[in-house]
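Remarks on the structure that follows.
Source: prediction; values computed, not measured. In the text below, chain A, chain B and the rest are named by the order of the sequence lines, each starting its count at 1.
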2 protein chains.
Amino acid sequence: MNKTIRPTESELDILSILWEKDSATVREVHEVVQKTKDVGYTTTLKLMQIMNEKGLVTRNVSSKTHIYTPSLNREKAQEHFVGKMIQTLFSGSTSQLVMQALGRQKPSDSDLAEIKSMIQKLERK
Amino acid sequence: MNKTIRPTESELDILSILWEKDSATVREVHEVVQKTKDVGYTTTLKLMQIMNEKGLVTRNVSSKTHIYTPSLNREKAQEHFVGKMIQTLFSGSTSQLVMQALGRQKPSDSDLAEIKSMIQKLERK
DNA sequence: GATTGCTTACGAATACAATCGTATAATATA
DNA sequence: TATATTATACGATTGTATTCGTAAGCAATC
């Protein structure tokens, strides 16, 4: 159903916090937001209310302080944005993106191992 | 100096076309844009004029039909957006992004070889 | 040289994102 | 209970992106 749901940049910031915490109150989210962005509490509140209207999150209203939960699937969002990015920034080349990502910092040994096994699996295909 | 230059989504679409072609006229760009988006010619024109004002592109005005060239470095844009994406969508994990990218389609044999050699280089570090 | 077609320039409308102030209700605390 | 604190609701403003209509210039063609 959610084919055309495209969170804005601020919404993505909030979603990423919710994905980390699984669910959270406005204040909890705002505390994290504030670390990188100088905005008022009601701004974060309003944003999350709008996200609720859009269906990006759901909320539990049973207590005075509402608890928000992401309803947009993280993996879906990943697919959407990675796909878009490959198109516009890497002329459609997945491996170009991979190269650029790998080049930006040395992954940990366990990360490398994981990636290697992924590649081996792909080679067997 | 161009630290805070953030092309919008439409601007990115146009930039990606310009990066492909190296340089192009408004009509050439618009022809490609139209394939995926139903907008008028003057919309594309205006967008490219704004991009010129912002310094995202330069243009050669010596003939009646102007020729636009991207001035924003593609690699810089890649770094910016890949970094942002790793943060918001992959909790800061580069390898997670790599896994997701690799998983979305089997890269060609030569791509795989390239990625493998990249990994070997990283392992030696 | 009038007509047609393609071009840029530019103002303006529309839409959407982001921000915040204020009112109001609920809860905790003095 | 009165006061302070914390929460939501919501209107309104501001900023920015996107879209397009219309005018005007230039060049090819009738």
Please tabulate the protein-to-nucleotide N/O contacts below 3.5 Å involving nucleotides 26-30 of chain D, giving atom names and distances.
none

Under 3.5 Å, which N/O atoms of the protein pair with N/O atoms of nucleotides 14-16 of chain D?
none

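Contact between the side-chain N/O atoms of A/Q49 and the OP1/OP2 oxygens of D/dC10 is not found at any separation under 4.0 Å. When the side-chain nitrogen and oxygen atoms of A/Y41 are compared with OP1 and OP2 of C/dG21, none of them lie within a distance under 4.0 Å. Close to D/dT19, at under 4.0 Å from its OP1 or OP2, lies a side-chain N or O of B/K37. Between B/S10 and D/dA17 there is no side-chain N or O to OP1 or OP2 distance below 4.0 Å. Phosphate contact (OP1/OP2 of D/dA9, side-chain N/O of A/R59, threshold under 4.0 Å): present. For B/R27 and C/dC6, the shortest distance from a side-chain N or O to OP1 or OP2 is not below 4.0 Å.
Where A/T42 and A/E9 meet DNA chain C, the nucleotide closest to each residue was compared, and A/E9 sits on the side nearer the 5' end.
A salt bridge links B/R6 to A/E9: at least one charged side-chain nitrogen sits closer than 4.0 Å to a carboxylate oxygen.
Not one N or O on the side chain of A/Q96 forms a donor-acceptor pair closer than 3.5 Å with the backbone of A/F90. No side-chain donor-acceptor contact under 3.5 Å links A/S91 to the backbone of A/S93. Proximity of a side-chain donor or acceptor of A/S71 to a complementary backbone N or O of A/V57 within less than 3.5 Å is detected.
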Show your working on salt bridge (charged side-chain N to carboxylate O under 4.0 Å, His left out) between B/R74 and B/E20 and close with a plain yes or no. CA-CA 10 Å; B/R74 184 175 197 158; B/E20 282 307 299; 3.5 Å; yes
Pair A/R59-A/T25, side-chain hydrogen bond (donor to acceptor under 3.5 Å, both in side chains): steps then yes or no: CA-CA 9 Å; A/R59 61 180 182 179; A/T25 64; over 6 Å; no
After noting the C-alpha distance and the side-chain angles of B/K35 and B/D38, does the key distance pass the salt bridge (charged side-chain N to carboxylate O under 4.0 Å, His left out) rule? CA-CA 8 Å; B/K35 287 183 193 165; B/D38 187 27; over 6 Å; no
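If you check every strand for non-hydrogen atoms under 4.0 Å, A/T65 touches sugar and phosphate atoms only.
In this structure, CD1 of A/I50 is placed 17 Å from P of C/dA15, rounded to the nearest angstrom.
Residues from residues 12-22 of chain B that place a heavy atom under 4.0 Å from any atom of DNA chain C: there are none.
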